[in-house]
> 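My questions all concern the structure below.
In this text the structure is predicted, and so the values were computed from the model without any measurement. Letters A, B, ... mirror the listed sequences (proteins, then strands); counts begin at 1. Heavy-atom basis, side chains included; hydrogens, waters and symmetry copies ignored.
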There are 2 protein chains.
Amino acid sequence: MSALSTAVPDPYAADCPTRSVLDRIGDRWTVLVLLLLSRRSHRFTEVSRAIAGISPKVLTQTLRALERDGLVTREVFAEVPPRVEYALTDLGHTLVEAVAALAAWSREHFDEVLDARAAYDAR
Amino acid sequence: MSALSTAVPDPYAADCPTRSVLDRIGDRWTVLVLLLLSRRSHRFTEVSRAIAGISPKVLTQTLRALERDGLVTREVFAEVPPRVEYALTDLGHTLVEAVAALAAWSREHFDEVLDARAAYDAR
DNA sequence: CAGAATCCTCTGGGATACTG
DNA sequence: CAGTATCCCAGAGGATTCTG
């Protein structure tokens, strides 16, 4: 697989890029939020409603982590009632594109995975 | 982001392809194993040694899950001592390529993420 | 509205010992 | 060698309540 120029990364190295990215998008909600924000900016409650089932605590955690990594911006408007807009940064958009490659693989090969599972479980 | 033709997937749908793939590669070891096997087939102990820190139990779990999904083959040789070879399937290779896109993003933008974190933490 | 605070559950994963 | 069998723990994430 010549596409991979790197050796096997060290999962213990906190500075391992691959590890870091996987930790970020590997959780339950981050990718959903990224995909949602790739359309347009949303406010907190909008995200909450669009991604049914996420609790406010976890949504805050997710958004904060994305903001900290420079993938999402958080803009507070001094209005009544308060309004906070979340939007993807340019960097965030590039990540979404990379994630899209994975999503594309999923759509393309998902049936094969399902078949494999069925065959495996049938034994 | 026109690269994404799908709306936001439903994280609760067990049959959501994106969810399924993320669950698979989101764990601690799967990507490491995939990258390792993308080179050549390995036997159990070889993987164990190459990926330092993984316990036999977790390695077995990881390999079983990959086998079940049709990403890895498990070939037992009736020898003494026993020998078991694990190798990527064609499907597994295609997934590794998709993962490589993510790894590429990581290498390309990791410094920006680190800068963003430093800036965020400095506030 | 946009969270912060609190409590609780669940499970991925680690350590260790044992076996065909 | 290639696992299986147990026991254990931390931390991600869920449910709920409260507030500037």
> Any chance you could lay out the side-chain hydrogen bond (donor to acceptor under 3.5 Å, both in side chains) test for B/Ser20 and A/Arg117, step after step, and finish with the verdict?
CA-CA 12 Å; B/Ser20 177; A/Arg117 283 185 195 170; 3.2 Å; yes
> Does B/Arg74 make a side-chain N or O approach to OP1 or OP2 of D/dG3 shorter than 4.0 Å?
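Indeed, a polar side-chain atom of B/Arg74 lies that close.
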> In whole Å, I'd like the distance from the CD atom of B/Gln61 to the P atom of C/dG14.
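That distance rounds to 10 Å.
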> Indicate whether OP1 or OP2 belonging to C/dA2 is found under 4.0 Å from a side-chain N or O atom of A/Arg43.
yes
> Can you measure A/Arg83 atom CZ to C/dG3 atom P for me and round it to whole angstrom units?
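Interatomic distance, CZ of A/Arg83 to P of C/dG3: 13 Å.
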> Would you say C/dA4 has OP1 or OP2 under 4.0 Å from some side-chain N or O of A/Arg64?
yes
> At less than 4.0 Å, is any side-chain N or O atom of A/Tyr86 found next to OP1 or OP2 of C/dC1? Yes or no.
no
> Grab the two heavy atoms, one from B/Ser41 and one from B/Glu85, that are nearest each other, plus how far apart they are.
OG-OE1, 3.0 Å
> Provide, to the nearest angstrom, the distance between the CD atom belonging to B/Glu75 and the P atom belonging to D/dG3.
13 Å
> For A/Glu85 and C/dG3, give me the distance from atom CD to atom C1', rounded to whole Å.
15 Å
> DNA chain C: B/Pro82 or B/Ile54, which has the more 5' nearest nucleotide?
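Final value for this comparison: B/Ile54.
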> Has A/Asp90 got more than 12 heavy atoms of other residues, nucleotides or ligands less than 6.0 Å from its CG?
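At most 12 heavy atoms, drawn from other residues, nucleotides or ligands, come within 6.0 Å of this atom.
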> Please state how far atom CG in B/Leu63 lies from atom P in C/dG12, giving the value in whole angstrom units.
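These atoms are roughly 16 Å apart.
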> Would you say a side-chain N or O of B/Thr45 is under 4.0 Å from OP1 or OP2 of D/dA2?
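It does, given that an N or O in the side chain of B/Thr45 lies less than 4.0 Å from OP1 or OP2 of D/dA2.
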> Examine distances only and state if a side-chain atom of B/Arg19 and a backbone atom of A/Arg28 form a donor-acceptor pair shorter than 3.5 Å.
yes
> Here's a test of your reading of the structure: between B/Val84 and B/Lys57, which maps to the more 5' nucleotide of DNA chain D?
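Closest to the 5' end, via its nearest nucleotide, is B/Val84.
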> Taking the side chain of A/Thr60 as heavy atoms from C-beta outward, which of C/dG14, C/dA2, C/dA4 is closest to it?
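The answer is C/dA4, which lies nearest to the side chain.
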> What is the separation between atom CZ on A/Arg24 and atom P on D/dG13, rounded to the nearest whole Å?
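Distance check: A/Arg24 CZ to D/dG13 P gives 10 Å.
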> Round to the nearest Å and state the distance from B/Trp29 atom CH2 to C/dG13 atom P.
9 Å
> Considering non-hydrogen atoms only, spot the tightest contact between A/Thr89 and A/Gly70 and give its length.
OG1-O, 2.7 Å
> Without decimals, in angstroms, what is the distance between A/Asp27 CG and D/dA10 C1'?
17 Å
> Compare the minimum distances between each of D/dG3, C/dA2, D/dG13 and the side chain of B/Phe44, then state the nucleotide with the smallest one.
D/dG3
